[in-house]
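Okay, structure first, notes after.
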Amino acid sequence: MISLKINGRTYSVQAPDDMPLLWVLRDLLNLKGTKFGCGIAQCGACTVHVDGRPVRSCMLSAANVGSREVTTIEAIGQKESGRRIQQAWLDLEVVQCGYCQSGQIMSAAALVERNPSPDDAEIDAAMAGNICRCATYARIRAAIKSASRT
Amino acid sequence: MTGHLSISRRKLIVGGLMVAFACSTRARSATSKATGPSTIGGFVRISQEGGISLVMPSVEMGQGVYTAEAALLAEELDVRLDQIAAIAAPPDASLYAQPLFKAQMTGGSTSIRGFWTPLRQAGAAARSMLVAAAAQAWGVHPDECSTKDGTVLHSSTGRVLRYGEVAELAATLPMSEHPKLKSPGDFRIIGKSQRRIDTPVKVNGSAVYGIDVAVDGMKTAAVVISPVDGGKVKSVDETDARKIPGVIDVLHIGDAVAVVGEHYWAARAGVEALNVDWDLGPNAKLTTASIRAEVAKAADEGTPLKALEHGDVEARLRSAAKRLTAEYELPFLAHATMEPINTTVHVRPDGCDIWVGTQTPVVAQKHAARITGLPVDKVTLHNHLIGGGFGRRLQADTIEQAVRFAKQVPYPLKIIWTREQDIRHDRFRPCYLDRLAAGLDEQGRPSVWTHRTTSGTVRRYFDEDGWPDGKLDKDAVDGAWDSPYAFPAIRVDWIRHDPPVKLNWWRGVGPTHNVFVVESFLDELAHTAGQDPITYRRSLLDANPRARAVLDKVADAAGWNMPSEPRTGRGVSLHQNFGTYAALVVEVAVAPSGEISLKKIVAAVDCGIQINPDIVRAQIEGGVLFGLSAALFNGITFDEGRVQQGNFNDYRQLRINETPPIEVHLLNSGERPGGLGEVGTVSAAPALGNAIFAATGVRIRRLPIDRKLLSKRESS
């Protein structure tokens with residue numbers, strides 16, 4: 001049994017040792033907002049927070065999470081930084097297909113949490129690991145700045 | 001609620017009464033008693049409780065079509081977009097066929113062009129029936145009534161009825177054959193940047209894409225597919241796979257094996273433990289070099305099919321003051337949507353349910369019926385939000401595979417491909433070889449233009465009987481035979497050569513390829529003539545004011561005439577496809593190493609009436625970057641029959657740190673709405689290639705761009 005602290009709750013799951021957190025979230029805990037994109041930490045669609053830091057859950061086995069706190073897209077709006085990012089995403093109409101946006105929002109929320117007013121270069125550095133095939137990048141940049149100002 | 005409109009207890013028990021309206025040409029107004037939304041037709045459904053659902057004939061894959069189609073309906077129905085719920089249309093071509101395709105299919109930037117009038121008519125017809133019902137209930141003339149935000153008002157008496165209160169009666173009234181449509185001056189939704197209706201669920205993780213479907217009793221499978229297309233399973237040793245905890249079944253079809261697990265990870269582990277021996281089939285030796293050689297041979301020896309010819313082409317080529325020729329080449333491309341291929345299927349003796357995101361629900365339903373042996377009406381397809389389509393989900397090959405596996409088991413089966421399978425077993429944008437010739441007169445103006453494309457046809461994968469030899473596939477010449485320019489003589493033709501690689505449409509379809517070729521070669525002509533590329537283009541647009549207007553706008557907004565730094569440059573493209581006019585300027589810097597940096601992007605677009613200007617801008621922004629990403633990085637290549645790329649490390653995509661500022665300027669011509677999903681992508685590669693020429697003097701005639709061509713030798 002693996003014990004996991006996710007979104008403020010404690011879960012016990014029966015999972016193979018190498019089962020990535022991504023699939024534990026999606027298939028065992030029915031938290032499907034975290035997305036499978038590439039499986040090799042190249043696209044960022046599976047980004048969650050582990051102790052507040054953005055982590056690619058497709059490459060992190062659930063067994064290695066330990067006692068650290070996991071936050072997913074389903075709960076990020078309960079944090080002020082997450083709420084502001086989500087609102088900015090809506091206000092600036094960032095989203096197109098939306099499939100990558102859980103990961104984008106998790107990366108962006110982690111950024112503004114540690115850097116309340118990032119400049120373009122800091123945004124690019126923090127967000128370069130998140131691919132968007134609809135290429136909503138210009139609006140992502142603008143939305144992070146908007147969330148930083150509010 | 002007025003007494004005579006109250007609904008029966010029984011109807012309440014069965015979950016509410018639904019009323020459907022269809023537009024006049026597809027008249028079907030119905031009261032559904034118990035069967036639920038999927039079995040009743042039409043575009044507008046109003047429940048007695050007041051819930052208003054609008055049925056979306058096109059699938060939402062990011063392009064904003066739910067918001068735009070809802071706007072067309074809501075404008076005439078007189079409801080606000082925040083009052084409605086959008087639901088995906090079930091497969092039913094009699095109701096939801098795209099008028100431009102005459103098939104229920106989302107693609108080719110046709111949705112708004114095709115549904116511009118029918119959806120407004122459907123909304124207007126529904127509104128007039130609701131008004132008539134309220135007027136009847138009040139015993140007044142309908143002309144005394146008005147509507148607002150989902151209510152009917154009788155202003156002289158101050159009476160108000162919600163649509164839900166009159167919906168049941170309205171559904172029994174005759175439908176107007178020619179409902180009166182608003183004049184554009186009265187639009188309250190169309191033309192305004194309304195909030196997208198699909199995005200709140202996409203920012204909080206609750207949106208349900210096909211991959212997120214959860215059905216009672218569902219199991220999840222991973223698959224292994226023949227590494228070479230056309231290969232077959234010879235034998236499988238599944239002993240180790242079956243030992244893995246959580247593995248339930250191993251299923252076989254001819255060219256793939258599935259391992260079913262309690263969850264995806266067990267299934268994946270099972271697939272990795274399989275030992276499959278393949279007969280790789282006829283394509284086992286296929287290489288990119290062999291494909292290119294065959295295409296070149298076809299270009300030399302094949303029979304061209306004429307698409308367009310006017311003027312004395314040969315005589316003008318002979319008499320030209322200067323003659324240019326060039327060869328352009330474009331690669332196969334994968335779609336690489338963010339959501340990997342997935343399908344969930346439950347096959348039972350009495351029917352089949354499919355949960356998937358598809359651009360062609362009717363085709364998927366038909367294949368499932370064929371594979372299961374069930375009647376088509378026993379196949380229920382639940383369409384979902386799509387995590388990026390770009391053409392991939394026009395083909396149902398992946399759904400066919402899932403049904404072939406699922407019919408072997410009693411439980412609902414979800415199949416998820418890996419990213420590598422999604423790319424390697426894609427159906428690809430064709431490769432192209434283009435040969436062009438042009439003559440210039442004494443002033444450097446083009447006196448003649450010829451363009452020959454050699455490629456496969458995508459259409460053979462969409463038409464039931466394939467595509468006959470000797471018949472022009474217009475997709476192969478779109479963007480070439482309808483360029484914005486007036487040439488004194490022109491010939492456009494196509495040599496068909498179907499490669500041993502399965503093909504599909506890809507964002508921008510035919511024009512993505514042809515506009516790159518046309519706009520690059522025209523740039524070559526301008527530079528040969530010693531003229532500014534925009535001035536040169538402009539001189540060929542006397543009879544094309546909409547094209548001239550976007551070109552002028554982009555030149556002005558991009559600061560076209562401002563001086564450039566060394567090894568930086570601006571390039572332009574212009575096209576008029578999908579009913580929209582688009583000009584683009586891309587500014588690049590090219591490092592001595594050959595690395596390319598995008599500095600700035602400026603677009604000017606005239607798409608006629610803009611349903612939602614902000615979505616128009618978003619489509620251009622994203623579409624341009626999508627096209628630039630492919631031109632900069634992407635080409636699918638083969639070795640030993642296998643696709644050599646597999647994931648975002650070797651089929652890489654543009655990232656935010658490579659994205660420059662983007663400006664989109666919209667022109668208000670007031671013409672009929674044009675398409676948008678493809679437009680930006682079509683504009684991208686030629687403007688980039690032309691910018692690289694301006695920066696380096698190197699002409700890009702082959703994609704993706706080879707950086708080695710751009711590196712500056714130290715000695716120079």
Bottom line for B:Ile386: the part with an atom under 4.5 Å from chain A's heavy atoms is backbone

Answer key: most heavy-atom pairs under 4.5 Å with chain B among A:Leu22, A:Val24, A:Ile40, A:Ile123 is A:Ile40

Counting heavy-atom pairs under 4.5 Å with chain B, the top scorer among A:Ile140, A:Leu90, A:Leu28, A:Val94 is A:Leu90

Sequence neighbours excluded, the answer for side-chain contact (heavy atoms from CB on, under 4.5 Å) partners of B:Ala221 is B:Ala258, B:Val260, B:Leu413, B:Ile415

Looking only at A:Gly37, A:Cys132, A:Ala125, the option with the highest number of non-hydrogen pairs under 4.5 Å against chain B is A:Gly37

The side-chain contact (heavy atoms from CB on, under 4.5 Å) partners of A:Thr10 (sequence neighbours excluded) come to A:Ser3, A:Lys5

Interface check, chain B: of A:Ala45, A:Gly129, A:Gly98, most non-hydrogen pairs under 4.5 Å belong to A:Gly98

query = How about A:Phe36 and B:Pro340: do any of their side-chain heavy atoms sit closer than 4.5 Å?
reply = yes

Given A:Pro16, A:Ala15, A:Ala128, A:Gly33, the one with more heavy-atom pairs under 4.5 angstrom with chain B than any other is A:Ala128

Okay, B:Ala207 and chain A: the region with an atom under 4.5 Å from a heavy atom over there is backbone

Cut-off 4.5 Å, heavy atoms of chain A, and the answer for B:Ala336 is both

So SG of A:Cys100 and CE of B:Met338: to nearest 0.5 Å the spacing works out to 5.5 Å

Scanning both residues in full, the closest heavy-atom pair of A:Cys38 with B:Phe648 reads CB-CD1, 3.8 Å

Tightest non-hydrogen contact, residues B:Phe626 and A:Ala135, listed as N-CB, 4.4 Å

Max heavy-atom pairs within cutoff under 4.5 Å with chain A, candidates B:Ala618, B:Ala214, B:Gly646, B:Pro661, goes to B:Ala618

For B:Val271, the side-chain contact (heavy atoms from CB on, under 4.5 Å) test, sequence neighbours excluded, returns B:Ala222, B:Val224, B:Val259

At a 3.5 Å cut-off, give me the donor-acceptor pairs between chain A and chain B, one pair per line with the distance.
residue: A:Asp18; atom: O; partner: B:Trp265; partner atom: NE1; Å: 3.4
residue: A:Asp18; atom: OD1; partner: B:Trp265; partner atom: NE1; Å: 3.1
residue: A:Arg26; atom: NH1; partner: B:Asp212; partner atom: OD1; Å: 3.0
residue: A:Arg26; atom: NH2; partner: B:Ile211; partner atom: O; Å: 3.0
residue: A:Arg26; atom: NH2; partner: B:Asp212; partner atom: OD1; Å: 2.8
residue: A:Asp27; atom: OD2; partner: B:Tyr264; partner atom: N; Å: 2.7
residue: A:Lys35; atom: NZ; partner: B:Asp212; partner atom: OD1; Å: 3.2
residue: A:Lys35; atom: NZ; partner: B:Asp212; partner atom: OD2; Å: 2.6
residue: A:Gly37; atom: O; partner: B:Arg419; partner atom: NE; Å: 2.8
residue: A:Gly37; atom: O; partner: B:Arg419; partner atom: NH2; Å: 2.9
residue: A:Cys38; atom: O; partner: B:Asn647; partner atom: ND2; Å: 3.0
residue: A:Gln42; atom: O; partner: B:Arg655; partner atom: NH1; Å: 3.3
residue: A:Gln42; atom: O; partner: B:Arg655; partner atom: NH2; Å: 2.8
residue: A:Gln86; atom: NE2; partner: B:Val203; partner atom: O; Å: 2.8
residue: A:Asp91; atom: OD1; partner: B:Arg195; partner atom: NH1; Å: 3.3
residue: A:Asp91; atom: OD1; partner: B:Arg195; partner atom: NH2; Å: 2.7
residue: A:Glu93; atom: OE2; partner: B:Arg196; partner atom: N; Å: 2.8
residue: A:Val95; atom: O; partner: B:Arg196; partner atom: NH1; Å: 3.4
residue: A:Gln96; atom: O; partner: B:Lys202; partner atom: NZ; Å: 2.8
residue: A:Gln96; atom: OE1; partner: B:Gln619; partner atom: NE2; Å: 3.1
residue: A:Gln96; atom: NE2; partner: B:Ala618; partner atom: O; Å: 3.1
residue: A:Cys97; atom: O; partner: B:Lys202; partner atom: NZ; Å: 3.1
residue: A:Cys97; atom: O; partner: B:Tyr209; partner atom: OH; Å: 2.7
residue: A:Gly98; atom: O; partner: B:Tyr209; partner atom: OH; Å: 3.4
residue: A:Tyr99; atom: N; partner: B:Tyr209; partner atom: OH; Å: 3.3
residue: A:Ala128; atom: O; partner: B:Arg655; partner atom: NH1; Å: 2.7
residue: A:Arg133; atom: NE; partner: B:Ala336; partner atom: O; Å: 2.9
residue: A:Arg133; atom: NH1; partner: B:Gln653; partner atom: OE1; Å: 2.7
residue: A:Arg133; atom: NH2; partner: B:His335; partner atom: O; Å: 2.8
residue: A:Tyr137; atom: OH; partner: B:Leu654; partner atom: O; Å: 2.6
residue: A:Arg139; atom: NE; partner: B:Glu621; partner atom: OE1; Å: 2.8
residue: A:Arg139; atom: NH1; partner: B:Asp614; partner atom: OD1; Å: 3.3
residue: A:Arg139; atom: NH1; partner: B:Asp614; partner atom: OD2; Å: 3.0
residue: A:Arg139; atom: NH2; partner: B:Asp614; partner atom: O; Å: 3.3
residue: A:Arg139; atom: NH2; partner: B:Asp614; partner atom: OD1; Å: 3.3
residue: A:Arg139; atom: NH2; partner: B:Glu621; partner atom: OE2; Å: 3.4
residue: A:Arg141; atom: NH1; partner: B:Thr659; partner atom: O; Å: 3.3
residue: A:Arg141; atom: NH2; partner: B:Ile656; partner atom: O; Å: 2.7
residue: A:Arg141; atom: NH2; partner: B:Thr659; partner atom: O; Å: 2.7

The interface call for B:Ile244 against chain A, heavy-atom contacts under 4.5 Å, is neither

